[in-house]
Protein chains: 2
Amino acid sequence: MSEENLLKLVELEEPEHDYHLQEQVGFILRKAHQRHVSIFAAHIADLTPPQFAALAKLRDVGETSQNQLGTLIAMDAATVKGVIDRLKARGLVELSKHEVDKRRLLVNLTAQGRDAIERLIPLARDITEETLAPLSPKEVATFMKLLAKLA
Amino acid sequence: MSEENLLKLVELEEPEHDYHLQEQVGFILRKAHQRHVSIFAAHIADLTPPQFAALAKLRDVGETSQNQLGTLIAMDAATVKGVIDRLKARGLVELSKHEVDKRRLLVNLTAQGRDAIERLIPLARDITEETLAPLSPKEVATFMKLLAKLA
DNA sequence: TTGATATCATTTGCATACGAATGAATTTGT
DNA sequence: ACAAATTCATTCGTATGCAAATGATATCAA
């Protein structure tokens, strides 16, 4: 085939599809996250991952402001408000006003909330384990190290 | 200290906090995904990642049913409908009925949609690059391999 | 062929997720 | 001390994301 014909062929071809959505880190990240949420829901039906995160963090740090809690669990102020509202409606957290700084809304676990999170933590371990099950122990270590760098 | 006192100490201690939310794969996955979405928005302001995914996939496969498209980009039927509705409202995709199978709603790029996705793909490469910037090239290869296993 | 299944799309309801705007309260800088 | 900037919380609007229910159509199986 002549050089001229080769050039024509290239020009007439469909646009190069050398961009593959399924190889992009964002797309795969979204799918991996979806899979995790699905595994979570299969183990813990009555709480979402963000709700669990809020309870688990309150268990760690005790009473904090709503805003501070949001920072700790990587949640927008508007988002954390909704999460806390729903946990409050279910009696798992209680709210109070900060005596000194009147802007702050303090959040804390109720006794029921503490019971719940203590009961759920073993299940959360299973969730982590199942999420990572496709990887060998060595791969898990590598993956977690690299993922942490990206987050 | 006597053995008895040691035991008392242990009993009186706060509950063991050996579950660390920030070390759980689900929590870090959520944060990594958030960071990616934020990088995406900084580069492509007028389209969301799911909207981009829909356009990019339509570019790959051409006209398909809404449902099939959802499968290809890992989206629930209810979710994909919303995404396509918004792309349609902006004139980036067009809908038509399948002649044979009357259940199916065919989706395709408009000329404007094709222009848009071709224009955006170079930006998407930048987004992928920036998302992976914390990793060395070798780490990127390792990470993508392991992430794919989890997704 | 027809009754049971399965598929496609839609709708509703609920739960993140975040930008932007707003108001109240506090802190900072001079 | 006081004006400017910051922080905390709320609200609104928009966009995923998914379960469950529904209706229309198509396929399968006895």
Side-chain angles (χ1 to χ4, degrees), chain A residues 26-27 29-42 44-55 63-90 92 95-107, chain B residues 26-27 29-42 44-55 63-90 92 95-107:
Chain A
F27 184 75
L29 221 37
R30 177 169 143 270
K31 289 214 300 176
H33 181 246
Q34 279 177 2
R35 174 172 167 270
H36 166 75
V37 171
S38 168
I39 292 171
F40 188 101
I44 300 180
D46 58 344
L47 226 53
T48 65
Q51 289 167 359
F52 176 87
L55 296 183
E63 191 174 58
T64 8
S65 74
Q66 196 175 265
N67 214 44
Q68 174 63 14
L69 180 62
T71 300
L72 293 171
I73 58 181
M75 252 179 248
D76 185 89
T79 302
V80 80
K81 184 188 190 309
V83 173
I84 293 302
D85 279 354
R86 285 179 283 276
L87 291 175
K88 177 179 186 294
R90 293 172 56 179
L92 299 176
L95 305 180
S96 58
K97 290 178 182 171
H98 193 289
E99 286 304 318
V100 178
D101 188 339
K102 295 177 187 171
R103 294 170 305 177
R104 296 190 196 176
L105 185 62
L106 296 176
V107 191
Chain B
F27 184 75
L29 222 36
R30 178 170 142 269
K31 289 212 302 175
H33 182 247
Q34 279 177 3
R35 173 171 167 271
H36 167 74
V37 171
S38 168
I39 292 171
F40 188 102
I44 300 180
D46 58 344
L47 226 52
T48 65
Q51 289 168 358
F52 176 88
L55 295 183
E63 190 175 57
T64 8
S65 74
Q66 196 174 266
N67 215 43
Q68 174 64 13
L69 180 61
T71 301
L72 292 171
I73 58 181
M75 251 179 247
D76 185 88
T79 301
V80 80
K81 184 188 190 309
V83 173
I84 294 302
D85 279 354
R86 285 179 283 275
L87 292 175
K88 176 178 187 291
R90 293 172 54 179
L92 300 176
L95 305 180
S96 57
K97 289 177 182 171
H98 192 288
E99 286 304 316
V100 177
D101 188 338
K102 294 178 188 171
R103 294 171 306 179
R104 296 191 197 175
L105 185 63
L106 296 175
V107 191

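Order of the sequence lines fixes the chain letters, A, B, ..., with proteins taken first and strands second; residue numbering starts at 1 for each chain.
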**Asked** Starting at the 5' end of DNA chain D and moving along, which residue's nearest nucleotide shows up first, B:D76 or B:R90?
**Response** B:R90
**Request:** Write down the distance between CG (B:L105) and P (C:dT11), rounded to a whole number of angstrom.
**Result:** 11 Å
**Prompt:** For C:dT16, does OP1 or OP2 lie under 4.0 Å from any side-chain N or O of A:T48?
**Reply:** yes
**Asked** Rounded to the nearest 0.5 Å, what separation is found between the CD atom of B:Q68 and the CG atom of B:L72?
**Response** 4.5 Å
**Asked** Would A:D101 and A:R104 count as a salt bridge (Lys or Arg N to Asp or Glu O under 4.0 Å) if you check the C-alpha gap in whole Å, the side-chain angles of each, and the deciding distance to 0.1 Å?
**Response** CA-CA 6 Å; A:D101 188 339; A:R104 296 190 196 176; 3.1 Å; yes
**Asked** To the nearest Å, how far apart are A:K81 NZ and C:dT16 P?
**Response** 13 Å
**Asked** At under 4.0 Å between heavy atoms, what does A:V83 touch on the DNA or RNA strands: base, sugar-phosphate, or nothing?
**Response** sugar-phosphate
**Nucleotide D:dC8, atom P - distance to CG of A:L69 in whole Å** = 13 Å
**Prompt:** Nearest 0.5 Å, what's the OG-CG distance between B:S65 and B:L106?
**Reply:** 7.0 Å
**Message:** In whole Å, I'd like the distance from the NZ atom of B:K97 to the P atom of C:dC8.
**Reply:** 18 Å
**Prompt:** C:dT16 P sits how many Å from B:K31 NZ, rounded?
**Reply:** 18 Å
**Request:** Return no unless some side-chain N or O of A:Q68 is found under 4.0 Å from OP1 or OP2 of D:dT7.
**Result:** no
**Item:** Below 4.0 Å: OP1/OP2 of D:dT10 and any side-chain N or O of A:R103
**Value:** no
**Message:** By nearest heavy atom, map A:R86 and B:Q66 onto DNA chain C; which one lands nearer the 5' end?
**Reply:** B:Q66
**Message:** Measure CD/B:E99 against P/D:dT25 and give the value in whole Å, please.
**Reply:** 14 Å
**Message:** Using a heavy-atom cut-off of 4.0 Å across all strands, would you classify B:N67 as base, sugar-phosphate, or nothing?
**Reply:** sugar-phosphate
**Asked** Angle class for the A:H33/B:H33 ring planes (parallel below 30°, perpendicular above 60°, tilted otherwise)?
**Response** parallel
**Prompt:** Contact class for B:V107 (heavy atom, under 4.0 Å): base, sugar-phosphate, or nothing?
**Reply:** nothing
**Request:** Look at the side chain of B:Q51 and decide which nucleotide, out of D:dG17, D:dT11, D:dA15, has an atom nearest to it.
**Result:** D:dA15
**Asked** Mind checking whether A:L69 and A:I84 have side chains closer than 4.5 Å, heavy atoms only?
**Response** yes
**Prompt:** Toward the 5' end of DNA chain C, which comes first, A:V100 or B:D85, by nearest nucleotide?
**Reply:** B:D85
**Prompt:** Nearest of C:dT26, C:dT16, D:dA15 to any side-chain atom of A:K102?
**Reply:** C:dT26
**Fill in**
Nearest-nucleotide check on DNA chain D, A:A77 vs B:P49; residue mapping nearer the 5' end is A:A77
**Prompt:** Quick one: is D:dG17 close enough that its OP1 or OP2 comes under 4.0 Å of any side-chain N or O from A:R30?
**Reply:** yes
**Prompt:** Passes side-chain contact (heavy atoms from CB on, under 4.5 Å), B:K81 versus B:Q66? Steps please.
**Reply:** CA-CA 7 Å; B:K81 184 188 190 309; B:Q66 196 174 266; 3.8 Å; yes
**Request:** Just compare C:dG19, D:dA19, C:dT16 and give me whichever is closest to any side-chain atom of A:A78.
**Result:** C:dG19
**Request:** Round to the nearest Å and state the distance from B:D46 atom CG to D:dA15 atom P.
**Result:** 12 Å
**Prompt:** Looking at B:R104, does any N or O in its side chain come under 4.0 Å of the phosphate oxygens OP1/OP2 on D:dA24?
**Reply:** no
**Prompt:** When we call it a touch if two heavy atoms are under 4.0 Å apart, what does B:V80 touch: a base, just sugar-phosphate, or nothing?
**Reply:** nothing
**Prompt:** Within this structure, what is the CG-to-P distance between B:D101 and C:dT7, rounded to whole angstrom?
**Reply:** 12 Å
**Message:** At less than 4.0 Å, is any side-chain N or O atom of B:Q34 found next to OP1 or OP2 of C:dT16? Yes or no.
**Reply:** no
**Request:** Under 4.0 Å between any heavy atoms, over every strand shown, what does B:S65 touch: base, sugar-phosphate, or nothing? Just pick one.
**Result:** sugar-phosphate
